[in-house]
Amino acid sequence: MKEKISLAAARRIALGAQGFTDARPAGTPDRRHLARVLSRTGLLQIDSVSAVVRAHYMPLYSRLGPYPLALLDNAAVTRKRTVFEYWAHEASFLPVETYPLMRWRMQRAEKGEEMYLGLAKWGRERKAMIEEIYGQVAERGPIAASDIEGHKGNGGWWGWSEAKHAFEWLFWAGRITTAYRRGFERYYDLPERVLPQAILDLPVPSVEDAHRELLRISARAHGIATYGDLRDYFRLAPGDTRARIEELVEMGELLPVKVEGWDKPAYLHKDARFPRRIEARALLAPFDPVVFERTRT
């Protein structure tokens, strides 16, 4: 194993890890191709901006070529869904198998941690409102925030109504989840009515085990990365990750290396590929996992 890697090789390793060496489908991409992309990226960041199309549709296009947008839409509905929504690298689509790995964040959010400070403060002051909205979801779900009468937003980007605040707090806490979307509006329901039963039956790992596994996913998605890159992929805190990185190094899953021109130590995933050439051409959204960490870009 090389202890020092050229910048050109690091670029190829990173692009290979993100799926840019995979052959594009000969026909219309299907669920297998979606699963393959998600096995490389680990997540798709969701965003409301739609300059071309909404940002979460573009990484699939960059790796698969033209595909039916319903491929992703259908993966996020019904109890047979293969992806769910939660806060990972910002709001994201994640493979349903990742759900147990995010339970620690949901549990912290319910305590007023791991969420926006303003929303946490609001939640401490409006517990009755939160329980009222939870009751509405349990009784009427799937419902949208706009279905709650007498609760209109104030306009603007963050002009949330009281009901919308409650929905978002409950979403962070994992007490409700997205059943489906109409346009870009979320319709919320209880996780036990939305997620596959096999996923709900999976054991919930300890916080340490969850962080270790999330870092494994991040390392595979990067191929080669700095500590900051690995931590940023799922927005993990330094206090939660330094020991886990050291453990993965000791286990031989991460290999410390130096990259030409990088001013920070790097880690190579043990299964990273070393493509000799990358011939891919792609249209990248700003929220594509290959570029969403701007220092790395």
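Numbering starts at 1 and runs along the sequence shown.
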*Shortest non-hydrogen contact from Val96 to Pro100?*
O-CD, 4.1 Å
*Donor-acceptor contact below 3.5 Å, side chain Arg105 vs main chain Tyr86*: no
_Treating His211 as the side-chain partner and Glu208 as the backbone partner, does any N or O pair qualify as donor plus acceptor under 3.5 Å?_
no
_A cation-pi test, strictly: NZ or CZ of Arg181 under 6.0 Å from the centre of the six-membered ring of Phe184 and no more than 45 degrees from its axis. Yes or no?_
yes
*Side chain to side chain, Val291 and Pro286, heavy atoms closer than 4.5 Å*: no
*Can you tell me if Arg182 uses its side chain to pair, donor with acceptor, with the backbone of Glu185 under 3.5 Å?*
no
*Please round to the nearest 0.5 Å and tell me the distance separating atom OH of Tyr233 and atom CD of Glu293.*
12.0 Å
*Is it true that Asp22 and Arg36 have a side-chain N and a carboxylate O under 4.0 angstrom from each other?*
yes
*Start with the C-alpha gap between Tyr57 and Asp73, add the side-chain angles, then the distance that decides, and say whether side-chain hydrogen bond (donor to acceptor under 3.5 Å, both in side chains) holds.*
CA-CA 9 Å; Tyr57 293 112; Asp73 296 337; 2.6 Å; yes
*Show your working on ring pair (Phe, Tyr, Trp, His ring centres under 6.0 Å) between Phe93 and His56 and close with a plain yes or no.*
CA-CA 8 Å; Phe93 284 119; His56 44 283; 5.5 Å; yes
*Should Tyr227 and Pro238 count as side-chain neighbours, where that means a heavy-atom distance under 4.5 Å?*
yes
_Nearest atoms (heavy-atom pairs only) where Ile217 meets Gly42_ = CG2-CA, 4.1 Å
*Pro59 backbone acceptor or donor facing Arg63 side chain under 3.5 Å*: yes
*asked:* Test side-chain contact (heavy atoms from CB on, under 4.5 Å) on Trp172 and Met106; report intermediate values, then the result.
replied: CA-CA 6 Å; Trp172 269 101; Met106 298 173 189; over 6 Å; no
*Is there a donor-acceptor pair closer than 3.5 Å between any side-chain N or O of Thr178 and the backbone N or O of Tyr180?*
no
*So Asp288 and Met58, side-chain contact (heavy atoms from CB on, under 4.5 Å) or not? Walk me through it.*
CA-CA 7 Å; Asp288 191 296; Met58 290 182 67; over 6 Å; no
*With distance as the sole test, does Arg231 use its side chain to make a donor-acceptor pair with the main-chain N or O of Leu236 at under 3.5 Å?*
yes
*Indicate if Ile143 and Leu195 have the same hydrophobic cluster label, given that clusters are the connected sets of ILVMFWY residues with side-chain heavy-atom separations under 4.5 angstrom.*
yes
_Looking only at side-chain N and O atoms, does Ser161 offer a donor or acceptor that is under 3.5 Å from a partner on His165?_
no
*Applying the 4.5 Å side-chain criterion to the ILVMFWY set and letting contacts propagate, would Leu64 and Leu283 be lumped into a single cluster?*
yes
*Show your reasoning for whether side-chain contact (heavy atoms from CB on, under 4.5 Å) applies to Lys258 and Glu3.*
CA-CA 6 Å; Lys258 294 181 180 179; Glu3 294 183 357; over 6 Å; no
_If we ignore hydrogens and angles and just use 3.5 Å, is the side chain of Tyr267 paired with the main-chain N or O of Gly223 as donor and acceptor?_
no
*Passing option when Lys111 is tested against Gln107, Met115, Arg108, Glu113 for side-chain contact (heavy atoms from CB on, under 4.5 Å)*: Glu113
*Is there a chain of hydrophobic side chains (I, L, V, M, F, W, Y, each step under 4.5 Å between heavy atoms) that links Val204 to Met102?*
no
*Measure the CG-CZ distance between Leu230 and Arg244 for me, rounded to the nearest 0.5 Å.*
14.0 Å
*Would you call Arg296 and Trp262 a side-chain contact if the rule is heavy atoms closer than 4.5 Å?*
yes
*Which heavy-atom pair separates Lys4 from Glu260 by the least distance, and what is that distance?*
CE-CA, 4.4 Å
*Mind checking the NE2-CD1 spacing from His222 to Ile13? Nearest 0.5 Å is all I need.*
13.0 Å
*Should Leu119 and Ile148 be counted in the same cluster of Ile, Leu, Val, Met, Phe, Trp and Tyr side chains packed under 4.5 Å apart?*
yes
*asked:* Between the side chains of Glu253 and Arg220, is the shortest nitrogen-to-carboxylate-oxygen separation below 4.0 Å, so that they form an ion pair?
replied: no
_With a 6.0 Å cut-off on the ring centroids, do Trp87 and Tyr116 count as close?_
yes
_In the structure I gave you, are the side-chain heavy atoms of Thr28 and Pro68 within less than 4.5 Å of one another anywhere?_
yes
*Is there a path of hydrophobic side-chain contacts, each under 4.5 Å between heavy atoms of I, L, V, M, F, W or Y residues, that connects Ile176 with Ile46?*
no
*asked:* Apply side-chain contact (heavy atoms from CB on, under 4.5 Å) to residues Gln18 and Thr41 and explain how you reach the verdict.
replied: CA-CA 6 Å; Gln18 281 284 316; Thr41 66; 3.5 Å; yes
*Does any donor atom in the side chain of Glu168 or Tyr188 lie under 3.5 Å from an acceptor atom in the other side chain?*
yes
*Please report the shortest heavy-atom distance between Ala144 and Phe167, naming the atom on each side.*
O-CZ, 4.0 Å
*Inspect the contact between Glu90 and Arg235 and indicate whether a charged nitrogen and a carboxylate oxygen are less than 4.0 angstrom apart.*
yes
_More than 12 heavy atoms from other groups under 6.0 Å of CZ on Arg281_ = no
*Nearest 0.5 Å please: distance from the CZ atom of Arg54 over to the CG atom of Leu72.*
12.5 Å
*Look at the side chain of Arg81 and the backbone N and O of Ala179, then say whether any donor-acceptor pair between them is shorter than 3.5 Å.*
yes
*Decide yes or no for Pro29 and Leu34: does some side-chain heavy atom of the first lie under 4.5 Å from some side-chain heavy atom of the second?*
no
*Minimum side-chain heavy-atom gap Thr21-Leu15 below 4.5 Å*: no
*Check whether more than 12 heavy atoms from other residues, nucleotides or ligands sit under 6.0 Å from atom OH of Tyr61, and answer yes or no.*
no
*What's the spacing between Phe287 CZ and Leu43 CG if we round to 0.5 Å?*
13.0 Å
_Ionic contact status for Asp240 with Arg212, cut-off 4.0 Å_ = no
*Do side-chain atoms of Ser92 reach the backbone of Leu94 as a donor and acceptor pair under 3.5 angstrom?*
no
*asked:* I'd like to check Leu284 versus Val290 (side-chain heavy atoms, cut-off strictly below 4.5 Å). Are they in contact?
replied: yes
_ring pair (Phe, Tyr, Trp, His ring centres under 6.0 Å) assessment of His89 paired with Phe292_ = CA-CA 9 Å; His89 185 94; Phe292 60 32; 3.6 Å; yes
*Between Asp189 and Thr177, is any pair of side-chain heavy atoms under 4.5 Å apart?*
no
*Of all the heavy-atom pairs spanning Ser218 and Asp229, show the shortest one and how long it is.*
OG-O, 4.0 Å
_Minimum-distance pair of heavy atoms, taken over all atoms of Leu101 and Leu214_ = O-CD1, 3.8 Å
*Under 3.5 Å, side chain of Gln45 to main-chain N/O of Ala91, donor-acceptor pair present?*
no
_So, taking the atom named OG in Ser146 and the one named CZ in Arg186, what distance separates them when rounded to the nearest 0.5 Å?_
13.0 Å
